[in-house]
Amino acid sequence: MTRELVVTSKEEAAEDVMVIHLTDPGGDPLPEWTPGAHVGVDVDGDVRQYSLCGPMSERFTWRIGVRREWNGVVSNKLHDSVSVGRRLRVSDPENLFPLVPAERYVFIAGGIGITPLLPMLEEVKRAGREWSLYYGGRSRRHMAFCSEVDGPGVTLWPEDEHGLLPVDSLLGEPRPGTAVYCCGPAPLIDAVTEACAAWPAGTLHVERFTPVRPGDSARPFVAELRRSKRTIEVPADKSLLEAIEAAGISVLSSCRTGTCGTCEATVLDGEPEHHDEVLTDEERQDGKLIMLCVSRSRSAVLGLDL
């Protein structure tokens with residue numbers, strides 16, 4: 001479900017980071033949400049997902065942080081051409097990065113990856129849980145919300161002052177009962193993932209800006225759409241979603257980066273090759289779901305309930 005919201009304020013929170021507040025034009029309260037939730041923002045037909053990063057108790061305003069992506073259509077419009085008073089279509093909150101119960105938390109953020117962690121910090125503080133935050137960025141001027149998070153339990157780590165975050169030392173000793181949350185650029189998430197390899201299963205929770213791509217390893221395969229009674233060839237240089245659309249079959253989709261979950265489909269047979277950031281490890285192993293926009297098939301034929 002989407003709703004029309006109005007931009008009530010825009011503020012530069014850091015270099016290339018804009019904070020935008022959205023409210024209902026009629027003053028109605030907005031849907032409740034939970035830490036880690038995101039919304040899809042539609043600007044002239046282009047949609048991009050942004051984490052909600054304001055106080056959860058604020059029922060009349062949603063806050064998002066938008067990092068300028070130099071090839072990002074939506075982010076550039078939100079920075080340059082969308083002004084206060086503009087009305088935008090915004091989807092209701094969806095949470096694919098939920099905060100799980102734990103004895104203690106380690107939060108690791110890189111750049112704009114701080115945004116989904118802000119409401120998580122609010123929640124764990126309210127619950128009285130033990131926590132720590134390590135927040136890195138290219139420089140202090142690139143790190144938004146520093147004044148909001150700085151204090152006991154927080155380590156700010158500008159790269160131009162200290163180098164890269166010392167992930168190995170931060171996560172060198174596994175601690176049962178600890179949940180590790182990481183959001184940021186791919187190299188940071190890869191380093192955290194490697195450092196958590198010896199930790200108990202289910203410790204690490206990550207949200208990427210973009211999914212892991214198949215790259216040169218992509219192979220062609222055949223998708224059998226059982227309900228449509230169609231067989232579609234998916235070449236190596238096209239996504240499954242693109243191939244389905246090219247065959248004239250309409251599928252709901254939004255982000256096309258494997259991060260929103262809109263294009264989820266049921267797998268009837270075959271082995272999916274997952275490249276999304278939506279499914280849990282258990283769902284990946286089960287092999288019954290697939291995100292059409294980025295994931296592919298390990299088997300020659302993939303049967304889908306489409």
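Everything numeric in this text was worked out from a predicted model, so none of it was measured. The analysis underlying the following values was restricted to heavy atoms, covering all of them including side chains, and did not include hydrogens, waters or symmetry mates.
- Of the N and O atoms on the side chains of His21 and Ser9, at least one donor lies less than 3.5 Å from an acceptor on the other residue.
- Under the 3.5 Å distance criterion, the side-chain polar atoms of Thr193 are matched with a main-chain donor or acceptor of Ile189.
- Using a cutoff of 4.0 Å between basic side-chain nitrogens and carboxylate oxygens, Glu159 and Arg138 are not scored as salt-bridged.
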*Could you walk me through whether Leu171 and Val180 pass the side chain to side chain contact (heavy atoms under 4.5 Å, CB included) test, one step at a time?*
CA-CA 9 Å; Leu171 301 170; Val180 178; 4.1 Å; yes

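- Between Val234 and Ala243 the shortest heavy-atom distance is CG2-CB, 3.9 Å.
- When all heavy atoms of Glu11 and Met18 are compared, the closest pair comes out as O-SD, 3.2 Å.
- The neighbour count for Lys77 NZ, taken as heavy atoms of other residues, nucleotides or ligands under 6.0 Å away, is above 12.
- Distance CG/Asp24 to CZ/Phe60: 9.5 Å, rounded to 0.5 Å.
- Between the side chain of Arg63 and the backbone N or O of Cys53 there is at least one donor-acceptor pair closer than 3.5 Å.
- Aromatic ring orientation, Tyr105 versus Tyr181: tilted (interplanar angle from 30° to 60°).
- In terms of modelled atom types and a separation under 3.5 Å, the side chain of Thr203 and the main chain of Pro200 share a donor-acceptor contact.
- Shortest non-hydrogen contact noted between Ser253 and Leu241 is CB-CD2, 3.7 Å.
- More than 12 heavy atoms of other residues, nucleotides or ligands sit less than 6.0 Å from atom CD of Glu148.
- Judged by distance alone, the side chain of Asn76 and the main-chain N or O of Glu69 form a donor-acceptor pair under 3.5 Å.
- Between the side chains of Arg68 and Ser75, no donor-acceptor pair of N or O atoms lies under 3.5 Å.
- Between Val43 and Val82, the closest heavy-atom pair is CG1-CG2, 4.0 Å.
- His142 NE2 to Asp160 CG: the interatomic distance, rounded to the nearest 0.5 Å, is 9.0 Å.
- In this structure, the side chain of Ser299 engages the main chain of Val301 through a donor-acceptor pair within 3.5 Å.
- In this structure a side-chain-to-backbone donor-acceptor pair under 3.5 Å is missing from Arg298 to Glu271.
- Residues Tyr50 and Val74 have side chains in contact (heavy-atom distance under 4.5 Å, counting atoms from C-beta outward).
- Ion pairing between a basic and an acidic side chain is recognised when a charged N comes within 4.0 Å of a carboxylate O; Glu273 and Arg296 show no such pairing.
- Between the side chain of Asp276 and the main chain of Leu279, a donor-acceptor pair closer than 3.5 Å is present.
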*Would Arg175 and Glu103 count as a side chain to side chain contact (heavy atoms under 4.5 Å, CB included) if you check the C-alpha gap in whole Å, the side-chain angles of each, and the deciding distance to 0.1 Å?*
CA-CA 10 Å; Arg175 298 182 65 190; Glu103 296 176 23; over 6 Å; no

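- Counting heavy-atom neighbours within 6.0 Å of Lys288 NZ, excluding the residue itself, gives a total of 12 or less.
- Glu245 has a carboxylate O that lies under 4.0 Å from a charged side-chain N of Arg256, or vice versa, which qualifies the two as a salt bridge.
- Residues Leu5 and Arg87 fail the side-chain proximity criterion, which asks for heavy atoms closer than 4.5 Å.
- The two atoms that bring Pro272 and Leu302 nearest to each other are N-CD1, 4.0 Å, heavy atoms only.
- Grouping the Ile, Leu, Val, Met, Phe, Trp and Tyr side chains by contacts below 4.5 angstrom, directly or via other members, places Leu170 apart from Val154.
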*Where do Val149 and Leu117 land on the side chain to side chain contact (heavy atoms under 4.5 Å, CB included) test, with the steps shown first?*
CA-CA 10 Å; Val149 300; Leu117 305 187; over 6 Å; no

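- With rounding to the nearest 0.5 Å, the separation of NE2 in His38 from OG1 in Thr115 is 12.0 Å.
- The distance from atom CE of Met1 to atom OG of Ser91, rounded to the nearest 0.5 Å, is 11.0 Å.
- Residue Lys10 holds its NZ atom at 11.0 Å from CG of Leu22, rounded to the nearest 0.5 Å.
- Remark: Glu161 CD is packed, more than 12 non-hydrogen atoms of other residues, nucleotides or ligands lying under 6.0 Å away.
- At a threshold of 4.0 Å, the pair Arg3-Asp42 does not count as salt-bridged, since none of the basic side-chain nitrogens sits closer than that to a carboxylate oxygen.
- Residue-environment remark: CD (Glu233) stays at or below the threshold of 12 foreign heavy atoms within 6.0 Å.
- Side-chain N or O atoms of Arg129 include one that pairs as donor or acceptor with a backbone N or O of Ala102 at under 3.5 Å.
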*Any chance you could lay out the salt bridge (charged side-chain N to carboxylate O under 4.0 Å, His left out) test for Arg284 and Glu282, step after step, and finish with the verdict?*
CA-CA 5 Å; Arg284 291 169 186 267; Glu282 291 78 11; over 6 Å; no

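- Grouping the Ile, Leu, Val, Met, Phe, Trp and Tyr side chains by contacts below 4.5 angstrom, directly or via other members, places Tyr135 with Leu118.
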_Assess the residue pair Leu121 and Glu123 against the criterion (side chain to side chain contact (heavy atoms under 4.5 Å, CB included)); give the C-alpha distance rounded to whole Å, side-chain angles, the decisive distance to 0.1 Å, and a yes or no._
CA-CA 5 Å; Leu121 289 171; Glu123 180 63 19; over 6 Å; no

Extract all donor-acceptor atom pairs below 3.5 Å that involve side chains of residues 25-34 and protein atoms in other chains or at least two apart in sequence.
{"from": "Glu32", "atom 1": "OE2", "to": "Arg59", "atom 2": "NH1", "distance (Å)": "3.4"}
{"from": "Thr34", "atom 1": "OG1", "to": "Asn95", "atom 2": "ND2", "distance (Å)": "2.8"}

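- Closest approach of Ser139 and Met143 over heavy atoms only: O-CG, 3.2 Å.
- Interatomic distance, SG of Cys183 versus CZ of Arg208, reported as 10.5 Å (0.5 Å rounding).
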